[in-house]
Amino acid sequence: MSQKPSIPKGTRDFSPAEMLRRNHIFGIIRKNFSLCGYLPIETPAMENLSTLLGKYGEEGDRLIFRILNSGNFLADVAPETLSRADTSTVTQKISEKGLRYDLTVPFARYVVQHRDEITFPFRRYQIQPVWRADKPQKGRYREFFQCDVDVIGSDSLLNEAELVQIIDRVFKDLSINITVKINNRKILAGIAAIAGAADRITDITVAIDKLEKIGSDGVRQELLQRGIDSEAIARLEPVLGLSGSSVEKLLELKNIMAASAVGLQGIAEMEELLGYLALQPLRCAVEMDLSLARGLNYYTGTIIEVKAADLPFGSICGGGRYDDLTGIFGLPGVSGVGVSFGADRIYDVMLQLNLFPEQTGSSTGVLIINFGKEELPALMKIAGSLRESGIATELYPEPVRLRKQFSYADARMIPYVVIAGSNELAAGQATVKNMKTGEQIAVSLSALPSFIRKS
RNA sequence: GUGGUUGUAGCUCAGUUGGUUAGAGCGCCAGAUUGUGGAUCUGGAGGUCGCCGGUUCGAACCCGGUCUUCCACCCCA
């Protein structure tokens with residue numbers, strides 16, 4: 001009995017037309033990565049759960065796909081453990097591997113494991129799928145590709161500036177108008193400190209992150225709900241009311257945060273970065289956004305996020321600096337900074353904005369009509385010589401009616417059809433038909449490749 | 001994980017208050033045209049109405065469950 005085939009929720013098949021467009025995106029991203037000297041690496045789809053767990057916060061742990069142990073995975077689990085129905089205890093016993101959740105943590109693991117072979121500062125890029133057990137929505141998939149560029153082993157903010165340059169170039173090449181938002185985790189820490197709630201930095205920043213969405217009153221509500229007392233909220237008022245240009249905001253912040261060493265350092269870093277950014281040619285708008293909070297679980301300095309300017313959409317690229325990511329794996333004091341391009345969201349944005357260049361829809365340049373046994377040796381020879389000169393060529397596999405073969409060329413959008421039946425072959429010629437114009441010209445077999453290459 | 005939404009031919013969708021044999025457009029196949037595609041005309045194939053169960057004399061339509069799609073929250077690429 002046959003069953004209706006299907007694929008898991010949140011995953012997708014990619015047809016040839018989609019792959020051509022996806023490869024266009026990957027190609028541009030890869031080109032710009034290597035243009036700045038980054039080198040490719042790959043890591044396994046699955047990692048040990050000990051590598052993955054605890055790196056993304058409680059929410060992140062829940063979204064990691066776990067892989068059931070092979071064989072009799074229940075053999076070592078005590079019956080009473082099972083009957084207690086304690087999911088986390090049982091899971092630990094029956095699963096020790098998981099699908100990677102992002103590319104940054106596997107990269108950190110890689111750096112620690114290969115530290116002896118690596119020359120620092122290490123610049124790598126990595127384009128691979130990641131998996132999240134999230135509920136799928138538009139622009140949110142359970143399997144999607146990230147394109148990560150990171151440099152590890154350098155504290156310099158020049159790296160941040162360079163990443164913004166890469167972002168600018170990639171999206172320029174893709175014709176997507178973007179806004180780059182930058183923030184600094186240390187400024188957020190300073191803000192939390194002046195509120196007298198340094199340990200609540202996550203709650204405070206997540207609330208402030210919603211400033212644009214729910215307004216300042218909404219943020220006050222949100223802060224209360226998250227258990228921040230009203231005194232602390234009152235001390236945050238000057239921050240919520242900041243206005244003016246980035247420079248003006250930073251000046252004001254310096255006063256507000258005079259008592260916070262971290263905060264002042266964050267401001268200094270921000271000023272330095274803005275200074276570097278001013279020194280390089282950028283097409284895109286870069287703005288400081290104090291409400292930007294992401295990846296709080298490991299970012300320690302600069303935070304970067306990119307949004308499409310012409311479309312309300314989730315972020316299509318994001319990243320930041322992490323001072324101690326490798327510390328968890330036993331290599332402390334190595335700072336890294338990187339960003340991740342979300343290829344699937346970029347695809348969705350480009351599709352909606354109609355930004356993909358016209359595709360031929362076919363990689364084939366020539367179809368040779370199959371006339372049957374008699375002509376076959378000559379036709380195969382023609383196919384060989386066309387391919388030899390770099391022309392993508394197909395020979396129709398069945399000697400069926402010409403109507404069918406021409407329909408095939410039409411449907412595949414193959415631009416030229418070579419007709420070489422007994423008549424043509426007797427004269428040492430082939431008829432070349434231009435499928436767009438309908439024009440047909442007799443060409444000698446020896447001149448065929450150069451004739452097609454010229455047209 | 002919480003709340004909501006969607007599912008009918010390969011695709012996009014109709015389908016009356018539950019009532020005989022579930023339709024259209026596009027696509028597909030065949031012919032008009034035994035060595036010529038896109039246009040036109042003629043004919044044809046294709047559906048367990050997502051799946052399982054229930055209510056009913058009778059279910060594409062009502063109810064429950066489940067899967068899927070999309071959306072909001074959460075979080076994020």
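So that the names make sense, note that chain A is the first sequence line, chain B the second, and so on, each numbered from 1. Remember, predicted model here, so these are calculated numbers, not experimental data.
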Tell me which nucleotide among [options] gets nearest to the side chain of [X].
X	options	value
A:Leu63	B:C75, B:G35, B:G37	B:C75
A:Glu59	B:U69, B:G35, B:C75	B:C75
A:Phe144	B:A77, B:A30, B:U36	B:A77
A:Lys138	B:U69, B:C70, B:G38	B:C70

Review point. How do A:Ser422 and A:Arg401 order along RNA chain B: which one's closest nucleotide is nearer the 5' end?
Key: A:Arg401
Review point. Of A:Gly342 and A:Arg62, whose nearest nucleotide on RNA chain B comes first from the 5' end?
Key: A:Arg62
How close or far is atom [atom2] of [N] from atom [atom1] of [X], stated in whole angstroms?
X	N	atom1	atom2	answer
A:Leu103	B:A77	CG	C1'	10 Å
A:Ile7	B:G50	CD1	P	20 Å
A:Gln137	B:C70	CD	C1'	9 Å
A:Asp148	B:C76	CG	C1'	14 Å
A:Gln405	B:G38	CD	P	15 Å
A:Leu402	B:G38	CG	P	13 Å
A:Met435	B:U36	CE	C1'	8 Å
A:Asp134	B:A72	CG	C1'	13 Å

Point to revise | Dot-bracket pairing map - RNA chain B, Watson-Crick plus G-U, both contacts under 3.5 Å, | cross-strand | key: ((((..(..((((.....[...)))).(((((.......))))).....(((((..]....))))))..))))....
Quiz item: [X] side-chain donor-acceptor pair to [N] base, under 3.5 Å:
X	N	value
A:Arg132	B:C75	no
A:Gln440	B:U36	yes
A:Lys135	B:U2	yes
A:Lys433	B:U36	yes
A:Lys404	B:G37	no
A:Arg345	B:C76	yes

Point to revise | Check: A:Tyr347 ring centre within less than 6.0 Å of A:Phe356 ring centre | key: yes
Are [X] and [Y] in a cation-pi contact, defined as NZ or CZ under 6.0 Å from the six-membered ring centre and within 45° of the axis?
X	Y	value
A:Arg321	A:Tyr299	no
A:Arg124	A:Phe107	yes
A:Arg345	A:Phe144	no

Exercise for review: Would you classify A:Gly139 as touching base, sugar-phosphate or nothing, given that sugar-phosphate means primed atoms plus P, OP1 and OP2, and contacts are heavy atoms under 4.0 Å?
Suggested key: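 Answer is base: heavy atoms of A:Gly139 come under 4.0 Å of a base.
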Check your understanding: Salt-bridged, A:Asp61 to A:Lys55, with N to O below 4.0 Å?
Key ->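 Not counted as a salt bridge, because no side-chain N and carboxylate O are separated by less than 4.0 Å.
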**Study point:** Salt bridge present between A:Glu18 and A:Arg21 (N-O < 4.0 angstrom)
**Key:**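 Here A:Glu18 does not pair with A:Arg21 in a salt bridge, since their nearest N and O are not under 4.0 Å apart.
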Practice item. Please measure how far the P atom in B:A14 lies from the corresponding atom in B:A24, and state the result in whole Å. Key: 16 Å
Point to revise | Under the ring pair (Phe, Tyr, Trp, His ring centres under 6.0 Å) test, residues paired with A:Tyr141 that sit two or more places apart | key: none
